Visitor: 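For reference, the structure I am asking about is given below.
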Amino acid sequence: MLSLQQLAYFVSVVDQGSITAASMEMQITQPGLSRQLRALEAQLGGPLLERLPRGMRLTPLGRAVLPRARSAVASARRVEQAARRVQDRSAGELHVATINSLSLGVLPSVLSSWHAEHPAVRVRVREYNHVTALLESFAEGHVDAAVTPLPPDWVGDRRSLGCEEFVVVVDRDHRLAGRDSARMEEFEADHWVQFDAEHGLHGVLNHHAALAGFTPRVAMQTTQTAAAAGFSASGLGPALVPANVLSPHFSGVQIALDPPIAREVFVIYRGPEDALTRAFVKTVLAEARLD
C-alpha cells in the first residue's frame, strides 16, 4: 500500500522545486527524502521526476500521479483538522440516548448549557420508551452517552445523577386532591391512566400497585409520558409519573407517595472517553443532578 507520507514528500518536492528545499519544509534529511522518493517510484513502477542540471521536471507518470497525490495529502490534512476540532470541542457530533421521561424533565437544561458552550457541536438525541431498548442500542455502539435508569445487573462506566421521584397526578376534583401525600393502596378504587405495554412506565405502575396489594384498573392507555399527566389533569384518572416531567404550570394536582417511589438515574458512557464525550458527561453532572 502506498505511504501517505511518501506522497507528501513527492508533493513537497514538486512545490518547492528541489530536494533541498523540500527536505527543509518536511524536516527530513536530503538523503532520507531521496530514499523515500525512490521507494515511492519503485511502488508506482517508474520515475516521477527527471533530474535536470537546473532543477527537475515531472515525467508523464509524475504528471498523472501529482493531482491525486495532492488530493490524498489534502484529505489527510482535513482529517487531522477535523480530529483537532473534535478534540478541542469546536466541532463534531455526539449521539446521546435517554428515555422519554428524562428527555422531558432533565435533558433540556443539559442540552441548553451544552449548546451555549459548544455551539458548533451537533447533538443527536435518541429517545426510548424502555430502558431495555436503550441499553441494547448502547451495547451495539449507536450511542456515545446516555441518561437513564439502570437494571441492577448492568456493568459499565456510569455516574449517578441522583433519584427520579414518582408522584401520582390527579384532577383538582379528585377525592385526594387536597392531600400532600398518600399511600399507594388509597388509589385502589381508581381507574388509572396507564402507559402502553411497551412503555417502561407501564411496569412501574403494575409493580408498585402489586406491592400495595392490588391490580390497577385501566381507564385508558397512552405512549406519551407528558400526555398521561394531561389526561389525568382532565379527570380521566390518576397516573404515576416522574415528578420532573411536570411543568410549573401543570393544571392538575400532584400527590407525593408514602413511602416514596423513586429510581436512581445515571449518565453512562463508552470508555475510554474521547474529549467530546468527557465534556458532555461533565455538563450532565453539572446540570442534571436530581437530588
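Model, not experiment: these values are computed from the prediction.
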Visitor: Give me the atom names and distance for the closest heavy-atom approach of P216 to N206.
Guide: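 In terms of heavy atoms, the two residues are closest at CG-OD1, 3.5 Å.
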Visitor: Angle class for the F214/W192 ring planes (parallel below 30°, perpendicular above 60°, tilted otherwise)?
Guide: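 It falls in the parallel class, under 30°.
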Visitor: If you measure from CD on E165 to CG on N244, what distance do you get to the nearest 0.5 Å?
Guide: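 Here the interatomic distance stands at 10.0 Å.
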Visitor: For A197 and Q221, which heavy atoms make the closest approach, and how far apart are they?
Guide: N-NE2, 4.2 Å
Visitor: So does H199 get a backbone contact from the side chain of H130, meaning a donor-acceptor N/O pair under 3.5 Å?
Guide: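 No: the side chain of H130 does not pair with the backbone of H199.
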Visitor: Decide, yes or no, whether a salt bridge links D258 with R179 under the criterion of side-chain N to carboxylate O below 4.0 Å.
Guide: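 So D258 does not pair with R179 through a salt bridge.
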Visitor: For V204 and H208: C-alpha separation, side-chain torsions, deciding distance, then whether side chain to side chain contact (heavy atoms under 4.5 Å, CB included) applies.
Guide: CA-CA 6 Å; V204 175; H208 287 283; 3.9 Å; yes
Visitor: Might you point out which heavy atoms bring P47 and T59 nearest each other, and give the distance in Å?
Guide: O-OG1, 2.7 Å
Visitor: Find out whether L40 and L48 are in side-chain contact, i.e. whether some heavy atom of one side chain is under 4.5 Å from a heavy atom of the other.
Guide: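 L40 vs L48: side chains touch.
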Visitor: Would you give the length of the straight line joining atom CZ of R70 to atom CG of D15, rounded to the nearest 0.5 angstrom?
Guide: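 Interatomic distance, R70 CZ to D15 CG, rounded to 0.5 Å: 4.0 Å.
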Visitor: Do any pairs count as a salt bridge (Lys or Arg N to Asp or Glu O under 4.0 Å) and have a residue in residues 188-200, sequence neighbours left out, and if so which ones?
Guide: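 Checked against salt bridge (Lys or Arg N to Asp or Glu O under 4.0 Å) - neighbours excluded - the pairs reaching residues 188-200 are R175-D190.
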Visitor: When clusters are formed by joining ILVMFWY residues with side-chain heavy atoms under 4.5 Å apart, either directly or through shared neighbours, do L246 and L102 land in the same one?
Guide: no
Visitor: Would L150 and E264 satisfy side chain to side chain contact (heavy atoms under 4.5 Å, CB included), going step by step from the backbone distance to the final call?
Guide: CA-CA 8 Å; L150 290 172; E264 192 170 8; over 6 Å; no
Visitor: Tell me if the NE2 atom of H115 is crowded by more than 12 foreign heavy atoms within 6.0 Å.
Guide: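 Incorrect, the count does not exceed 12.
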Visitor: Looking at every heavy atom in both A233 and D171, which two are closest together, and how far apart are they?
Guide: O-CB, 3.3 Å
Visitor: Does L58 reach the side chain of F10, with side-chain heavy atoms less than 4.5 Å apart?
Guide: yes
Visitor: So if I apply the side chain to side chain contact (heavy atoms under 4.5 Å, CB included) rule between Q194 and each of T222, V218, L240, L201, which one comes out positive?
Guide: V218
Visitor: Distance to the ring centre below 6.0 angstrom and angle to the axis at most 45 degrees; does that hold for R270 and F138?
Guide: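 Yes, R270 lies over the aromatic ring of F138.
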Visitor: Are V125 and L107 packed together at the side-chain level, in the sense that at least one heavy-atom pair is separated by less than 4.5 angstrom?
Guide: yes
Visitor: Compute whether any side-chain donor of one residue and acceptor of the other, for S247 and H249, lie under 3.5 angstrom apart.
Guide: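 Per modelled atom types, S247 and H249 side chains form no pair under 3.5 Å.
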Visitor: Is it true that V245 and L111 fall in one hydrophobic cluster, defined by side-chain heavy atoms closer than 4.5 Å?
Guide: no
Visitor: Are any of the side-chain heavy atoms of P238 and V169 separated by less than 4.5 Å?
Guide: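 Side-chain contact under 4.5 Å: no.
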Visitor: Using atom types as modelled and distance alone, determine if a side-chain donor or acceptor of D144 lies under 3.5 Å from a backbone N or O of H95.
Guide: yes
Visitor: Please tell me whether V167 and V106 are part of a single hydrophobic cluster in this structure, the criterion being side-chain heavy atoms less than 4.5 Å apart.
Guide: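 No: no chain of side-chain contacts under 4.5 Å links V167 to V106.
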Visitor: For S160 versus F266, what's the shortest heavy-atom pair and its separation?
Guide: CA-CD2, 3.7 Å
Visitor: Does the side chain to side chain contact (heavy atoms under 4.5 Å, CB included) test come out yes or no for E93 and R124, once each step is laid out?
Guide: CA-CA 7 Å; E93 180 175 281; R124 180 173 295 179; 3.9 Å; yes
Visitor: Going by distance alone, is a donor N or O of one side chain under 3.5 Å from an acceptor N or O of the other, for N100 and Q224?
Guide: no
Visitor: Are F231 and F250 co-members of a hydrophobic cluster defined by side-chain heavy atoms under 4.5 Å apart?
Guide: no
Visitor: Does any N or O in the side chain of R217 come within less than 3.5 Å of the main-chain N or O of T215, such that one atom is a donor and the other an acceptor?
Guide: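 Between the backbone of T215 and the side chain of R217 there is no qualifying donor-acceptor contact (under 3.5 Å).
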Visitor: Using only atom types and a distance under 3.5 Å, with no angle test, would you say the side chain of S71 pairs donor to acceptor with the backbone of P67?
Guide: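 Not a single qualifying donor-acceptor pair exists.
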Visitor: I'd like to check R159 versus L285 (side-chain heavy atoms, cut-off strictly below 4.5 Å). Are they in contact?
Guide: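 A side-chain contact exists here, since the closest heavy-atom pair is under 4.5 Å.
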Visitor: Would you say T98's side chain and V147's backbone share a donor-acceptor pair under 3.5 angstrom?
Guide: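 Yes; at least one donor-acceptor contact below 3.5 Å.
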Visitor: Just how far is it from atom CZ of F166 to atom CE of M184, taken to the nearest 0.5 Å?
Guide: 10.5 Å
Visitor: May I ask you to test the Q16-M26 pair for a side-chain heavy-atom distance under 4.5 Å?
Guide: no
Visitor: For S137 and Y128, test the side chains for any donor-to-acceptor distance below 3.5 angstrom and give the result as yes or no.
Guide: yes
Visitor: Under a single-linkage definition using a 4.5 Å side-chain heavy-atom cutoff for Ile, Leu, Val, Met, Phe, Trp and Tyr, are L161 and V123 assigned to the same hydrophobic cluster?
Guide: yes
Visitor: Could you measure the distance from the CD1 atom of I28 to the CD atom of Q5? Nearest 0.5 Å is fine.
Guide: 7.5 Å
Visitor: To the nearest 0.5 Å, what is the distance between CG on L176 and OG on S181?
Guide: 10.0 Å
Visitor: Answer with yes or no whether the side chains of S109 and E287 bring together a donor and an acceptor at under 3.5 Å.
Guide: no
Visitor: Considering only residues two or more places apart or on different chains, which pairs with a residue in residues 27-40 satisfy side chain to side chain donor-acceptor pair (under 3.5 Å)?
Guide: Q6-Q36, T20-Q30
Visitor: Got more than 12 heavy atoms from elsewhere within 6.0 Å of CE, M24?
Guide: no
Visitor: For a quick test of reading the model, state the closest non-hydrogen atom pair linking V241 to T225 and the distance between them.
Guide: CG1-O, 4.5 Å
Visitor: Is the closest side-chain heavy-atom distance between F187 and V170 below 4.5 Å?
Guide: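 When only atoms from C-beta onward are counted, V170 and F187 do touch, with a gap below 4.5 Å.
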Visitor: With side chains defined as the heavy atoms from C-beta onward, is the minimum distance between R68 and L66 less than 4.5 Å?
Guide: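 Side-chain contact under 4.5 Å: no.
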Visitor: Output the distance between atom NZ (K282) and atom CD (E117), rounded to the nearest 0.5 Å.
Guide: 8.0 Å
